[in-house]
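All of these numbers come straight from a predicted model, not from anything done at the bench. Chain identifiers are assigned alphabetically (A, B, ...) following the order of the sequence lines, protein sequences preceding nucleic acid strands; residue numbering begins at 1 within each chain. Note: hydrogens, waters and symmetry copies are ignored here, and every other heavy atom, side chains too, is used.
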There are 2 protein chains.
Amino acid sequence: MGRSAVNGQLDLLLLASLGAGEAHGYALIARIHERSGARLELQEGSVYPALHKLEATGCVASRWADDDAGRRRVYTLTRAGETELARRAEEWNGFAAAVRGVLGAAS
Amino acid sequence: MGRSAVNGQLDLLLLASLGAGEAHGYALIARIHERSGARLELQEGSVYPALHKLEATGCVASRWADDDAGRRRVYTLTRAGETELARRAEEWNGFAAAVRGVLGAAS
DNA sequence: GTCCCATACCTAGACAATCTAGGTATGGAT
DNA sequence: ATCCATACCTAGATTGTCTAGGTATGGGAC
């Protein structure tokens with residue numbers, strides 16, 4: 001895949017970022033860029049469809065914020081989204097541990 | 001994706017497993033299953049094509065072992081494969097750190 | 001002795017996640 | 001008046017992995 005390569009963790013990253021407070025799509029990209037130590041540079045073409053899917057599955061809710069800075073769609077983590085975040089975080093930890101197990105044996 | 005979900009780390013897992021000593025495909029599946037703490041159950045349909053690709057790119061070499069247990073294709077990590085393993089391991093560590101960064105900020 | 005299962009290998013096609021590459025619109029700076 | 005940053009969006013391509021088939025061998029059960 002591309003340069004950033006989120007390897008199936010896009011939803012987790014978005015949910016976790018929204019867990020730190022509501023935000024609009026463009027801000028989420030910046031937030032993830034920062035908190036990943038500039039290692040992850042998500043593309044809009046990845047993020048917006050993912051947010052739409054998360055909304056369709058009830059993990060996030062959105063509203064239009066029509067302030068002076070132009071139109072923005074602000075996303076919030078729902079209760080279901082928090083549950084999903086916890087589930088995916090645990091799944092990630094399990095996977096990371098599994099990879100460490102395989103790598104560790106080699107070194 | 002499926003149940004195991006290696007999330008783009010299949011090559012890394014195979015190279016790392018071969019780093020622990022030459023093996024044939026079926027044994028690699030068992031090796032990864034073990035060392036991942038039974039968390040990863042790779043499928044043959046994933047592993048064999050991946051090994052062929054790794055051989056095509058010069059990361060592994062193979063030979064037919066025709067012992068009493070029937071035909072087996074035994075894979076060995078090449079010098080280039082060791083380099084690639086190191087590169088991918090580092091890449092993985094960077095990615096895992098990036099995800100931790102995003103997750104950590106949420107908790 | 002033949003049936004079945006575990007081992008061992010293989011491939012085509014399906015599927016899903018993400019990226020590429022376009023596009024629109026607004027507001028502020030030059 | 002033009003350009004750039006912000007902000008959102010989508011279709012289609014790409015890619016990695018899985019599903020679901022297939023072949024072949026050897027050993028144990030019956």
Side-chain angles (χ1 to χ4, degrees), chain A residues 1-15 22-33 36 39-57 59-60 62-75 84 88 91-92 95 98-99, chain B residues 1-15 17 22-33 36 39-57 59-60 62-75 88 91-92 95 98-99:
Chain A
M1 303 260 186
R3 321 187 56 264
S4 272
V6 290
N7 296 314
Q9 308 304 327
L10 180 53
D11 289 357
L12 170 61
L13 292 168
L14 291 173
L15 292 172
E22 61 171 28
H24 62 282
Y26 214 77
L28 280 173
I29 293 175
R31 198 178 275 186
I32 289 173
H33 180 74
S36 69
R39 276 176 284 231
L40 300 177
E41 289 184 58
L42 302 189
Q43 303 303 308
E44 300 170 43
S46 312
V47 169
Y48 290 117
L51 285 171
H52 298 162
K53 206 190 80 188
L54 286 171
E55 183 162 31
T57 56
C59 290
V60 305
S62 78
R63 65 170 201 280
W64 281 104
D66 229 337
D67 49 25
D68 51 338
R71 67 178 191 152
R72 288 175 168 176
R73 192 188 278 279
V74 176
Y75 289 91
E84 180 69 6
R88 280 181 179 273
E91 208 169 82
W92 161 258
F95 178 64
V99 173
Chain B
M1 302 260 184
R3 321 184 57 264
S4 271
V6 290
N7 296 313
Q9 308 305 328
L10 179 54
D11 289 357
L12 170 60
L13 293 168
L14 291 174
L15 292 172
S17 296
E22 60 170 30
H24 62 283
Y26 215 77
L28 280 174
I29 293 175
R31 197 178 274 186
I32 289 172
H33 180 73
S36 70
R39 276 177 286 233
L40 301 176
E41 289 184 59
L42 301 188
Q43 303 303 309
E44 300 170 44
S46 312
V47 168
Y48 290 116
L51 286 171
H52 298 162
K53 206 189 80 190
L54 287 172
E55 183 161 30
T57 57
C59 291
V60 305
S62 78
R63 65 170 202 281
W64 280 104
D66 228 337
D67 50 23
D68 52 336
R71 64 176 193 156
R72 288 174 167 179
R73 191 188 277 281
V74 176
Y75 290 92
R88 279 181 180 273
E91 207 171 82
W92 161 259
F95 177 64
V99 173

- With a non-hydrogen cut-off below 4.0 angstrom, is A:Gly8 in contact with a base, only sugar-phosphate, or nothing? sugar-phosphate
- Item | Sugar-phosphate only, base, or nothing, as touched by B:Gly25 at under 4.0 Å among non-hydrogen atoms | sugar-phosphate
- Query: Checking B:Glu55 side chain against B:Ser62 main chain: does a donor-acceptor pair fall under 3.5 Å?
  - Reply: yes
- Message: Is it the case that the side chain of B:Gln43 and the backbone of B:Glu41 share a donor-acceptor pair, with hydrogens and angles ignored and the cut-off at 3.5 Å?
- Response: yes
Using the side-chain heavy atoms of [X], tell me which of these nucleotides is nearest: [options].
X       : options               : answer
A:Trp64 : D:dT17, C:dC10, D:dC8 : D:dC8
B:Ser46 : D:dT17, D:dC8, C:dC19 : D:dT17
A:Glu44 : C:dC10, D:dC18, D:dC8 : D:dC8

Would you compute the distance between atom [atom1] of [X] and atom [atom2] of [Y] and round it to the nearest 0.5 angstrom?
X       : Y       : atom1 : atom2 : result
B:Leu13 : B:Ile32 : CG    : CD1   : 5.0 Å
A:Lys53 : A:Leu51 : NZ    : CG    : 10.5 Å
A:Trp92 : A:Asn7  : CH2   : CG    : 8.0 Å

- Looking at residues at least two apart in the chain, or sitting in another chain, which of them share a side chain to side chain contact (heavy atoms under 4.5 Å, CB included) with B:Ala50? B:Leu10, B:Asp11, B:Leu14
- Could you pull out all residues at least two apart from A:Glu91 that satisfy side chain to side chain contact (heavy atoms under 4.5 Å, CB included)? A:Arg87
Taking atom [atom2] of [N] as reference, at what distance in whole Å does atom [atom1] of [X] sit?
X       : N      : atom1 : atom2 : value
A:Ile29 : D:dT6  : CD1   : P     : 11 Å
B:Asn7  : D:dT17 : CG    : C1'   : 10 Å
B:His24 : D:dT25 : NE2   : P     : 17 Å
A:Glu91 : C:dA17 : CD    : C1'   : 14 Å
B:Glu41 : D:dT19 : CD    : P     : 11 Å
A:Gln43 : D:dA13 : CD    : C1'   : 15 Å
A:Arg71 : C:dG27 : CZ    : P     : 11 Å
B:Leu12 : D:dG16 : CG    : C1'   : 15 Å

- Message: If the cut-off is 4.0 Å, is A:Arg73 near the phosphate of D:dC9, judged by side-chain N/O to OP1 or OP2?
- Response: yes
- Item | Of residues 48-55 of chain A, the positions that come close to DNA chain D - non-hydrogen atoms, cut-off under 4.0 Å | A:Tyr48, A:Pro49, A:His52
